[in-house]
There are 2 protein chains.
Amino acid sequence: MSKPKDKCEIWVVDQDRVEATRRTLPPDEIFTLLAENFSALADSNRAKILHCLLEQELCVCDIASIVGISESAASQHLRILRTLRMVTQRKQGRMMYYSLNDEHVKTLFKISLEHARQA
Amino acid sequence: MSKPKDKCEIWVVDQDRVEATRRTLPPDEIFTLLAENFSALADSNRAKILHCLLEQELCVCDIASIVGISESAASQHLRILRTLRMVTQRKQGRMMYYSLNDEHVKTLFKISLEHARQA
DNA sequence: TTATTATTTTAGCAGTTGCGCATATATTAA
DNA sequence: TTAATATATGCGCAACTGCTAAAATAATAA
C-alpha cells in the first residue's frame, strides 16, 4: 500500500495503475453529457414515449393516451426530451407533433431495448 | 377527434393509430428493466467507474481514488451496479475486486460513450 | 486475544424528480 | 368579441438519489 499524493487521504493499492487509469478517463463534460442522456431514458414513461416515436410522429394527447399518463405529464416529459435534443416538434394548428430528432437516438434506443429484452 | 374507450377521459386525435401504437409497445417489465439499466448509467460517477473497469479489475479503494469519491460512496455505487448485474466481485484477502460482468455491458457502454463524444 | 484495515451498511440530510393540479398561452370556432 | 381546445408552465408534494458520517463486518497482523 502506498501513501496518497497531495492532501487526499485515500490509500491506494496500486499507485501506478491508479494514475494510469485516471489518465484514460475522458474529461468530466463527457460523463456529464453521458449521464444526462441516460437519465432521459432512465424513466419508463419517457422510454415508452420514445418507443412510440420510433416509426411516426405523434401529438401530445395521443402520446399521453398511448402511454397512459396525463397530457401535462406527457408535455413535461417531452420538454425534457426536447431539451436534450432527442425529439423535435412541429406545430400544426393548435396541436404539437413530436418526432425523434435523429437516427442517433433511434439507434441507441433500439440497441438498448435489445439488451433489456435479453436480460 | 374521437371519444376515448373505457373510462379514460383523454381525447385522442387518431384512435386507430393510438391503439395500433399501443399494441406495438413491449410489456411494462421491459420498460422497467430498460429504465433501471439506464439509471445505472445516469450518474456520472457510476459512468466513470464503469469506464475504469473497461480493461481491468480494480479494488474499491482504487476505484474511489481514481474517480475522486469516498470509499463509502464507491461501495454504494458498486452495490447498485452489482444489483443490476453490470459488475461482478472477487474477494482476495480483505479486498474486493470488481470487474465488468460481461461484454454486453462493455459494448453498450462503449457505444453510448461514442454517442456522448459526438454530441 | 486485540488492533488494524478494506469494505459494507445504516441513518440522516439536501437536492432532484415525476406527477397532479391550477393557471397561462395560443389557436380555432362561433 | 367570447368560448372551446391543445399544449405549456408554475407550484407543491411525495418519493427517490447520492452523499457524509458513523457503526458494523470481515480478514489480517501483532
For atom CZ of B/R85, is the number of surrounding heavy atoms from other residues, nucleotides or ligands below 6.0 Å larger than 12? no
Could you give the [atom1]-to-[atom2] distance, from [X] to [N], as a whole number of Å?
| X | N | atom1 | atom2 | result |
| --- | --- | --- | --- | --- |
| B/N45 | D/dT17 | CG | P | 16 Å |
| A/M95 | C/dT27 | CE | P | 14 Å |
| A/Y97 | C/dT27 | OH | P | 15 Å |
| A/M96 | C/dT28 | CE | C1' | 15 Å |
| B/D43 | C/dG15 | CG | P | 17 Å |
| A/R79 | D/dG10 | CZ | C1' | 10 Å |
| B/L81 | C/dT8 | CG | P | 12 Å |
| A/I69 | C/dT17 | CD1 | P | 17 Å |

Give one of base, sugar-phosphate or nothing for B/I63, where a contact means two heavy atoms less than 4.0 Å apart. nothing
Applying a 4.0 Å non-hydrogen cut-off, can you work out what B/Q89 is touching in the nucleic acid: base, sugar-phosphate, or nothing? sugar-phosphate
Please determine if a side-chain N or O atom of [X] lies less than 4.0 Å away from the OP1 or OP2 oxygen of [N].
| X | N | value |
| --- | --- | --- |
| A/S72 | C/dG20 | no |
| B/S70 | D/dT20 | yes |
| B/H77 | D/dT17 | no |
| A/K91 | D/dT7 | no |

For B/Y98 and for A/G93, locate the closest nucleotide of DNA chain C by heavy-atom distance; then report the residue assigned to the nucleotide nearer the 5' terminus. B/Y98
Upstream residue (5' side of DNA chain C) when A/A73 and B/R94 are each assigned their closest nucleotide: B/R94
Will you find, in the side chains of A/S75 and A/E71, an N or O donor that is under 3.5 Å from an N or O acceptor? no
Audit row: B/L108, A/I111, side-chain contact (heavy atoms from CB on, under 4.5 Å) steps and yes/no: CA-CA 8 Å; B/L108 181 59; A/I111 289 171; 4.2 Å; yes
Salt-bridge contact B/R17-A/E55 (side-chain N to carboxylate O under 4.0 Å): no
Determine whether B/N37 and A/S112 make a side-chain contact, defined as any pair of heavy atoms from C-beta on separated by less than 4.5 Å. no
From the set D/dT7, D/dC11, D/dT20, return the single nucleotide nearest to any side-chain atom of B/Q76. D/dT20
Could you check whether the side chain of B/E71 and the base of C/dT5 have a donor-acceptor pair of N or O atoms closer than 3.5 Å, going by distance alone? no
By nearest-nucleotide position on DNA chain D, the 5'-leaning member of B/R46 and A/V60 is A/V60
